[in-house]
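Note that the structure is predicted; figures quoted are calculated from it, not measured. Below, all heavy atoms of this structure are taken into account, side chains as well, without hydrogens, waters or symmetry copies.
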Amino acid sequence: MTESAVGPRRDAIVARLRAARTGYERCVGDVSPEIGMDGTEWSILDLLHHSIDSGYQDMARRFVEESTPEFSGVYDPAADWRQATENMLGSVDNALSLANSLTPDQMSRVGQRRGQPFTALDALELDAAHFEEHLAQLRD
């Protein structure tokens, strides 16, 4: 395609994306974290995560990296579920690997978090608690 064929369409996409950004800023600019995370179906935070995770940017990038990329035209819920569960278990595995590999000295190193001393061990405890919290939600 030529610039004359692509240009107007690209300009329209850019305008739509700018409008979407402005819309998102207006919708969430004054929302507190408590309100943003509230909801039994889809919270505002859930919608933001979903909006970020569409995969369309990755598809567009593949055109730069590959000569003729192939895309599946069908949403595969089983593959999506498999990927999500693998990612979740992989995240726990990464935390396990880190907890098992750090030396006592590394776990005791002190940094700052919210103006308070904070160690790698503290971070790992929070990670474990975070996994446990959401596991409890799944069980409920």
Side-chain angles (χ1 to χ4, degrees):
M1 279 192 241
T2 65
E3 174 63 29
S4 63
V6 173
R9 191 168 167 196
R10 180 189 53 223
D11 293 345
I13 292 167
V14 167
R16 290 172 59 196
L17 290 170
R18 284 184 177 144
R21 187 181 196 298
T22 300
Y24 277 107
E25 284 178 320
R26 287 182 181 148
C27 285
V28 300
D30 61 351
V31 174
S32 69
E34 295 78 24
I35 298 296
M37 298 168 130
D38 189 33
T40 56
E41 292 288 324
W42 281 72
S43 70
I44 295 170
L45 183 62
D46 292 330
L47 289 170
L48 294 177
H49 283 297
H50 176 75
S51 296
I52 292 166
D53 232 5
S54 72
Y56 297 122
Q57 290 177 40
D58 291 333
M59 291 172 78
R61 284 187 188 101
R62 284 185 58 195
F63 284 97
V64 175
E65 298 165 359
E66 301 173 33
S67 60
T68 310
E70 275 193 44
F71 304 99
S72 170
V74 178
Y75 172 68
D76 184 350
D80 193 23
W81 177 255
R82 206 170 31 255
Q83 185 68 44
T85 57
E86 288 172 7
N87 288 348
M88 180 64 232
L89 295 173
S91 184
V92 175
D93 289 341
N94 290 340
L96 274 168
S97 177
L98 189 57
N100 284 320
S101 68
L102 292 178
T103 67
D105 178 60
Q106 290 169 323
M107 284 195 177
S108 300
R109 290 183 187 166
V110 179
Q112 294 287 311
R113 180 174 186 248
R114 299 180 184 151
Q116 300 295 316
F118 190 70
T119 66
L121 189 58
D122 295 329
L124 290 170
E125 285 176 338
L126 288 175
D127 203 19
H130 186 243
F131 285 126
E132 292 165 344
E133 176 186 359
H134 293 303
L135 178 58
Q137 289 172 328
L138 286 173
R139 287 181 175 148
D140 287 345

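Looking at every heavy atom in both residues, Gln106 comes nearest to Ala120 through O-CB, 3.7 Å. For the residue pair Arg62 and Glu70, the shortest heavy atom distance occurs at NH2-O, 3.2 Å.
To the nearest 0.5 Å, atom CG of residue Leu45 and atom CG of residue Asp38 are 11.5 Å apart. In this structure, CG in Asp127 is found 6.5 Å from OG in Ser91, a value given to the nearest 0.5 Å. The distance from atom CD1 of Ile44 to atom CE of Met37, rounded to the nearest 0.5 Å, is 11.5 Å. Atom OG1 of Thr119 sits about 7.0 Å away from atom CD of Glu125, to the nearest 0.5 Å. Taking CZ of Arg82 as the reference point, atom CG of Asn87 lies at 12.0 Å (rounded to 0.5 Å).
Applying the 4.5 Å side-chain rule to ILVMFWY residues, one finds that Leu89 remains a lone member of its cluster. Leu47 shares a hydrophobic cluster with Trp42; the chain of contacts runs through ILVMFWY side chains whose heavy atoms sit under 4.5 Å apart. Applying the 4.5 Å side-chain rule to ILVMFWY residues, one finds Met88, Val92, Leu96 in the same cluster as Phe131.
Residues forming a side-chain contact (heavy atoms from CB on, under 4.5 Å) with Met107 (at least two apart in sequence, or on another chain): Leu102, Leu121, Leu124. In terms of the side-chain contact (heavy atoms from CB on, under 4.5 Å) criterion, residue partners of Ser32 (sequence neighbours excluded) are, by chain and number, Glu34, Ile35.
With hydrogens and angles ignored, the 3.5 Å screen pairs no side-chain donor or acceptor of Ser108 with any backbone N or O of Asp105.
Around the NE2 atom of His130, the shell of radius 6.0 Å holds no more than 12 heavy atoms that belong to other residues, nucleotides or ligands. Counted within 6.0 Å of CD on Gln57, heavy atoms from surrounding residues, nucleotides or ligands total 12 or fewer; the atom is thus considered open. Surrounding OH of Tyr56 are at most 12 heavy atoms belonging to other residues, nucleotides or ligands under 6.0 Å away.
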What donor-acceptor contacts under 3.5 angstrom involve side-chain atoms of residues 5-22, with partners at least two apart or in another chain?
unit_1: Arg10; atom_1: NH2; unit_2: Glu3; atom_2: OE2; d: 2.8
unit_1: Arg21; atom_1: NH1; unit_2: Glu25; atom_2: OE2; d: 2.4
unit_1: Thr22; atom_1: OG1; unit_2: Arg18; atom_2: O; d: 3.1

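A 4.5 Å side-chain heavy-atom check between Leu126 and Arg113 finds at least one atom pair inside the cut-off.
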Go through Ser43 and Asp46 one step at a time and tell me if the side-chain hydrogen bond (donor to acceptor under 3.5 Å, both in side chains) criterion holds.
-> CA-CA 5 Å; Ser43 70; Asp46 292 330; 3.2 Å; yes
